[in-house]
Protein chains: 2
Amino acid sequence: MKNTHDHHICQSKALQHINEQCRKKNIRLTPIRQQVFDEILQSHKAIKAYDILQNMSTPGEMVKPPTVYRAIDFLLEHGFIHKIESLNAFIACYHEHNKDCFQLLICDECGTVSEQINNKISHEMKLLSEKENFTLQHPIIELHGTCFQCNTTGTKS
Amino acid sequence: MKNTHDHHICQSKALQHINEQCRKKNIRLTPIRQQVFDEILQSHKAIKAYDILQNMSTPGEMVKPPTVYRAIDFLLEHGFIHKIESLNAFIACYHEHNKDCFQLLICDECGTVSEQINNKISHEMKLLSEKENFTLQHPIIELHGTCFQCNTTGTKS
DNA sequence: TGATGTTATGTTATAATATAACATTTGTTT
DNA sequence: AAACAAATGTTATATTATAACATAACATCA
């Protein structure tokens, strides 16, 4: 199946970004954190914590949940990954956004997740919050549906 | 503490609505489903499945998870309640909306959840989806922050 | 340098959320 | 009443996530 983009470019950009940021902010990208980020970076599909666990484990050496969850917490805290609440899964952040408002398009057919930064939506969220005298701190926007590829081909990738 | 609205009105409206709908659609609001809905209807705070379990149990008769989860599934399916994915919790639907796009304002101080139906936001979601050739089926919009009351009083309700 | 504090990791156990699978009962239709 | 469908009961277990405490690695500066 033809892919609409070269994921290696995303990956190397994201890697560059995380390395830069860690240097700049003087936070430590330890081997475990690196490994967990690499797992999440593999594709544009969301990955679950226990799948990361599995992938990082060998018959001789089973990685334990706190190891992975702690790395995930670190990556989330610094915005290198996002949690998809409706899937209990994680996706790498490919935008270098300082903005705290982004939208996730989640294809329920193939599992692909696409991160969008739409200023109009951010703006409308702000307006709604103001209208309701609500101090918006953390917007979660997860849009489930079917992506173009799956609509077109009718197959799972 | 003064409350900004009379929750009993919400409750009775929602009760009326669910009864009407069940009659109209010829679906059964059994005692268990009624009970679970009542629990969720208690307040404008989200409630968790295991709290419902607790509330429905007596020392002599412990309700078991599938009982509650099945009722929740029924109520979700017919739009009488909503799941808040970022809290793993549930809230009654007080709008009689056929619309599939609503926004939840979630106060992280006091736990109050307010359901909004904002046409501009729905519209922008549609535009974004179209732009990305994405068939939107189920939008999830959960806005975390602090409500007016909590901002003002600095206390938890 | 090595004493000290801080950050990260290891380890064990368990909490919290959710579903599978199969048996039984209740309701509905004819 | 027979037969089917829908709902509930019951047991077990899967999945997701964290608490609590021990140890190791790193940082810093007297």
Side-chain angles (χ1 to χ4, degrees), chain A residues 18 21-23 25-40 45-78 80-91 106 111 140 142, chain B residues 18 21-23 25-40 45-78 80-91 106 111 140 142:
Chain A
I18 194 175
Q21 286 296 305
C22 287
R23 217 175 341 96
K25 299 207 262 174
N26 200 33
I27 50 180
R28 291 163 56 197
L29 189 58
T30 62
I32 287 177
R33 291 166 177 177
Q34 177 89 248
Q35 259 186 286
V36 170
F37 185 68
D38 286 346
E39 287 296 334
I40 297 173
K45 299 181 190 191
I47 187 171
K48 288 171 168 272
Y50 276 74
D51 291 333
I52 298 172
L53 260 178
Q54 279 296 108
N55 294 348
M56 287 174 60
S57 293
T58 59
E61 191 138 12
M62 299 306 280
V63 174
K64 280 147 214 145
T67 302
V68 164
Y69 279 103
R70 285 195 281 228
I72 284 173
D73 285 344
F74 169 86
L75 297 167
L76 281 174
E77 190 184 336
H78 296 288
F80 301 131
I81 63 173
H82 299 305
K83 177 169 188 182
I84 301 175
E85 298 288 348
S86 52
L87 297 177
N88 295 319
F90 305 89
I91 195 88
I106 302 160
I140 296 170
E142 300 179 1
Chain B
I18 192 175
Q21 287 295 305
C22 286
R23 216 173 344 96
K25 299 206 264 174
N26 200 32
I27 51 181
R28 291 164 56 199
L29 188 58
T30 62
I32 287 177
R33 290 166 178 177
Q34 177 89 247
Q35 259 186 285
V36 170
F37 185 68
D38 285 346
E39 286 296 334
I40 297 173
K45 300 181 189 190
I47 188 171
K48 289 173 166 269
Y50 275 74
D51 290 334
I52 297 172
L53 259 178
Q54 280 296 109
N55 294 346
M56 287 174 61
S57 293
T58 58
E61 191 138 10
M62 298 306 281
V63 173
K64 281 147 212 145
T67 302
V68 164
Y69 278 104
R70 286 196 283 228
I72 284 172
D73 286 345
F74 169 85
L75 296 168
L76 282 173
E77 190 183 338
H78 296 288
F80 302 130
I81 63 172
H82 300 305
K83 177 170 188 182
I84 301 175
E85 298 288 347
S86 52
L87 296 177
N88 295 317
F90 305 89
I91 195 90
I106 302 159
I140 296 170
E142 300 179 2

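Any value given below was found using the heavy atoms of this structure, including those in side chains, with hydrogens, waters and symmetry copies removed. In the text below, chain A, chain B and the rest are named by the order of the sequence lines, each starting its count at 1.
The two residues B:M56 and B:V36 come nearest to each other via the heavy atoms SD-CG2, 3.6 Å. Here the shortest heavy-atom pairing between B:L53 and B:V63 reads CD2-O, 3.0 Å. B:V68 approaches B:A49 most closely through the heavy-atom pair CG1-O, 3.9 Å. Contact detail for B:A71 and B:I32: the closest heavy-atom pair is CB-CG2, 4.1 Å.
The CG atom of A:L87 sits 5.0 Å away from atom CD1 of A:I106, with the distance rounded to the nearest 0.5 Å. The NE2 atom of B:H82 lies 11.5 Å from the CG atom of B:L75; values are rounded to the nearest 0.5 Å. Put simply, CD1 on B:I47 and CD1 on B:I81 are 10.5 Å apart, with the number rounded to the nearest 0.5 Å. Between B:K48 atom NZ and B:Q54 atom CD the span is 13.5 Å, to the nearest 0.5 Å.
Using bins of under 30°, 30° to 60° and over 60° for the plane-to-plane angle, the ring pair B:F37/B:F80 lands in the perpendicular bin.
Relative to the axis of its first five pairs, the axis of the last five pairs of the helix from C:dT1-D:dA30 to C:dT30-D:dA1 sits at 20°, rounded to 10 degrees.
Taking a heavy-atom distance under 4.0 Å as the criterion, the stretch of DNA chain D touched by chain A extends 5' to 3' from D:dT16 to D:dC26.
Residues from residues 62-72 of chain A lying near DNA chain C, meaning a heavy-atom separation below 4.0 Å, are A:K64, A:P66, A:T67, A:R70 in numerical order. Near DNA chain C, meaning a heavy atom under 4.0 Å from it, residues 26-37 of chain A has A:R28, A:T30, A:I32, A:R33 in order of number.
Mapping B:F74 and B:E61 onto DNA chain D by nearest heavy atom places B:F74 closer to the 5' end of the strand.
Counting distance only, with no hydrogens placed and no angle test, the side-chain atoms of B:Y50 and the base atoms of C:dA15 include no donor-acceptor pair under 3.5 Å.
Residues B:I27 and B:F74 form a side-chain contact, since some pair of their non-hydrogen atoms from C-beta on lies under 4.5 Å apart.
Applying the ring-ring contact (aromatic ring centres under 6.0 Å, His included) test to B:Y69 and every residue at least two apart in sequence or in another chain returns nothing. Every residue meeting the side chain to side chain donor-acceptor pair (under 3.5 Å) condition with A:E142, not counting sequence neighbours, appears here in chain and number order: A:S86.
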Test log, rule side chain to side chain contact (heavy atoms under 4.5 Å, CB included), inputs A:K45 and A:I91: CA-CA 7 Å; A:K45 299 181 190 191; A:I91 195 88; 5.7 Å; no
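Distance A:E85 CD to C:dA18 P: 12 Å, rounded to the nearest Å. As rounded to whole Å, 16 Å separates atom P of C:dA15 from atom CG of B:D51.
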